[in-house]
Amino acid sequence: MAFTTTAILSYAAIAATAVSTYQTYRSNKAMAREAEAAADYNARVKEAEAAQVDAESREQIRRDRAAARRFASSQRARYAASGVLTSLGSPLEVLAYDAGQMELQSLERARAAEAYRRRGKAEAVGIRMEGASAAKGYRRAATGSLLSGAARIAGGASGFYNQGAFS
Amino acid sequence: MPVISRAAPAQVEAAVSPGVTRSLDTALAPHRGRLAIAEGLADVGGVLGQVATASAQLKNRADQLRVEQAIKADEADFQTWLETEPDETKWGVEADKRSRRVRESIASLKLAPVVRRQAEERLGAWAQDRQVVVANQAQRQTIKRNDDVLVAEIGIASDAGDKVAIDSLFDERLKLGTIHPDVASVARRQAYEQADAAIVARDIRLDPRLAIDKLAAETEGGKPKYYKDMSETARLSAVRSAKNALETMRAETAQEIAAQIFRQQMSGLDERLDYEVKTGGLTAETAANLRAFARGQRTPIDQASAGAQLWQHAIDLEPSDPNYIQEAMKLRASVQALDPVVRQPIIDVLNAKETDDVKEDTQRVYEALARDFRANTFGNAQTWTQGEIDALSGRDRRKAGNPVEGDPKDRKAYEEASAALFRHQRAMREFLQANPKATTEQIQAYRAQLTATDRQASLGGIAFDALSGAVPR
């Protein structure tokens, strides 16, 4: 079967459309994957940041509590050295008050760390959702490109056939 | 939970470091570039497709033209065929056959689907249209043939002078609608006129004298009494024809009586001549000449003189003259009272004028020379004038034979000249009949030779000279 110039051009046009469609499909799919990967990475970064702040806060609370205990011991020792009875009256109140204040401070720090950790988790979830949404968009675009490419190929082939371009 | 590629977790685990995030735009940039390349490729495909479509359309246009050309060629061929096929019942079948053949020839072509569909639609419409057109043409042909028959019958009726038949045939044409009433009115008048012409022709053939009378007859109102539908031109022409016929009849009668005289059948001649004069079959003059001829009262000189005048008259006659036939027939009747020797050259002149034996140019030269010859003989003949006759004494007048004006002074020379003239005339006629394509130079050379011979060999030559005054007698 001898191909005419018209036939060669027709086949080339359809081939170009097919390759273009495939490349568009592949690109969209790759962009979907890339969007998910990037979002996951960024979420992990957020989670890592939250975990780090949490760990640092816990360590700080532990240290604050140790310091509070040391302060209470030293305060009691100072009271004892000065002859102040610490089990009754005002000294006891001072000791209790200081200990309470220091524990309150630790608790405040623990609450702030927990809030930060929770926000980091929530942000990671949001970032992942955004990534998933973008990936879904790209996947749909890939499907759309397949459909539009198929339509172009079918329309072009039909037109070429009707015009007798293949013969 | 989003799906992460197999490579991604390891990369993320390996690469994660707090505070450092990845930009989505940067991540997608290579793929967006590939997408742009794909779009470019799609554009290239579109352009290639446009070029391919344009190229295919060019070929398709050529194919469409080929289809049109096939239709036109077949249409032209079919019209030619129609002109050669008088039987219109075959037209429809032939049209279908040809349409099918064209369809088959188009079907055998390698055509694009769109062109094939268009061609099939076009051929279908064309075949259908042609079927209708051919059916109409066939119907028109049938009507035309029927009308042609009626027209031919009208012609026959006109030739037969049957006006009743003409009326009924025209009524039939009007019923068929093949002729418009206004046109029919004019055509009917023409047919009537033709019928009258046929009737008058028949009357002339039967008896020209009666036809002449009927043509001249008028009503009290001054309108023609007979042949009422004839035009004035046709009437004049009919009168001329009738006179021609009358003179022809007279010439034939004179010829018949002359033949009777030559056979010496004299019994009843006078009665016959009287009867012919009375009924118009002969003029009184011709009858008198024939009577004198029969009684031997026409001398050779008289005959030569009369013959010369008639011959001159014959020479002068123009065949293009509308009255030529009448005049020629009168001449033919008159020459019957002459001796055959004198008569024949005159009849030859008339015959030569009425036949195409001698070419027109040769005839023209011949007549010019004949006139020249006559001018050299009779034209210069010394004839008596009235003054000369009056000047003569009674004795001289008797001695000269009591001449009248125009008589030759030397009657013997005149007679001899006439004889020589007729001899010369006959020789020239024979030469021209033998050499119808003779050039002017050849005719003149022969004439010079003839004249020289004639002068040496006959008294006629001397007579010419004497008459023309060239040689004293």
Side-chain angles (χ1 to χ4, degrees), chain A residues 4-31 33-42 44-52 127-132 134-135 138 145 149 152-153 156 159-167, chain B residues 1-9 11-61 63 110-118:
Chain A
T4 61
T5 307
T6 308
I8 291 167
L9 287 170
S10 306
Y11 284 119
I14 288 175
T17 307
V19 170
S20 157
T21 302
Y22 177 66
Q23 287 297 333
T24 307
Y25 172 76
R26 268 189 62 193
S27 298
N28 278 315
K29 291 289 269 186
M31 283 163 78
R33 281 196 305 274
E34 205 62 52
E36 275 182 347
D40 189 62
Y41 176 86
N42 289 337
R44 280 172 176 274
V45 167
K46 279 290 177 190
E47 284 171 346
E49 281 177 358
Q52 189 175 354
I127 288 168
R128 281 203 178 90
M129 281 176 69
E130 281 177 6
Y138 287 123
S145 70
R152 277 206 307 275
I153 290 169
F160 292 145
Y161 172 76
N162 275 325
Q163 294 290 343
F166 290 137
S167 54
Chain B
M1 189 70 182
V3 177
I4 301 171
S5 69
R6 285 190 293 273
Q11 288 170 357
V12 170
E13 288 296 336
V16 160
S17 56
V20 179
T21 57
R22 287 183 67 190
S23 163
L24 189 59
D25 284 342
T26 309
L28 296 183
H31 304 295
R32 287 205 170 111
R34 200 161 65 181
L35 201 59
I37 291 171
E39 284 171 0
L41 199 56
D43 289 344
V44 170
V47 171
L48 288 175
Q50 285 176 357
V51 174
T53 304
S55 172
Q57 281 173 344
L58 279 177
K59 179 185 176 295
N60 292 344
R61 182 68 192 139
D63 287 340
K110 194 176 175 184
L111 298 175
V114 64
V115 178
R116 186 169 298 287
R117 280 197 300 276
Q118 286 172 351

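In what follows, chains carry the letters A, B, and so on, assigned in the order in which the sequence lines appear, proteins first and then strands, with residues in each chain numbered from 1. These numbers were taken from a predicted model, which means no experiment stands behind them.
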Taking side chain to side chain contact (heavy atoms under 4.5 Å, CB included) as the test, write out the residues that go with A:Ala18, two or more places apart. A:Ile153
Toward chain A, the part of B:Arg117 with a non-hydrogen atom under 4.5 Å: side chain
Under a 4.5 Å heavy-atom cut-off, does chain A meet the side chain of B:Lys59, its backbone, both or neither? neither
Quick one: are A:Ser145 and A:Asn28 in side-chain contact, heavy atoms under 4.5 Å? yes
Among A:Ser27, A:Ala16, A:Ala15, which has the most heavy-atom pairs under 4.5 Å with chain B? A:Ser27
With respect to chain B, which residue among A:Arg26, A:Glu47, A:Lys46, A:Met31 yields the maximal number of heavy-atom pairs within a distance under 4.5 Å? A:Met31
Please say whether more than 12 non-hydrogen atoms of neighbouring residues, nucleotides or ligands are located less than 6.0 Å from OH in A:Tyr138. yes
Please determine, among A:Gly164, A:Ala30, A:Ala38, the option with the most heavy-atom pairs under 4.5 Å with chain B. A:Ala30
Check ion pair B:Arg32-A:Glu34 (N to O, under 4.0 angstrom): no
Heavy atoms, side chains only, cut-off 4.5 Å: are A:Gln23 and B:Ile37 in contact? no
Taking side chain to side chain contact (heavy atoms under 4.5 Å, CB included) as the test, write out the residues that go with B:Gln57, two or more places apart. A:Gln163, B:Thr53
Name the member of B:His31, B:Arg116, B:Glu39 that forms the most heavy-atom pairs with chain A at distances under 4.5 Å. B:His31
Relative to chain B, which segment of A:Arg152 carries a heavy atom at a distance below 4.5 Å: side chain, backbone, both, or neither? side chain
Does any backbone or side-chain atom of A:Tyr161 lie under 4.5 Å from a heavy atom of chain B? Answer side chain, backbone, both or neither. both
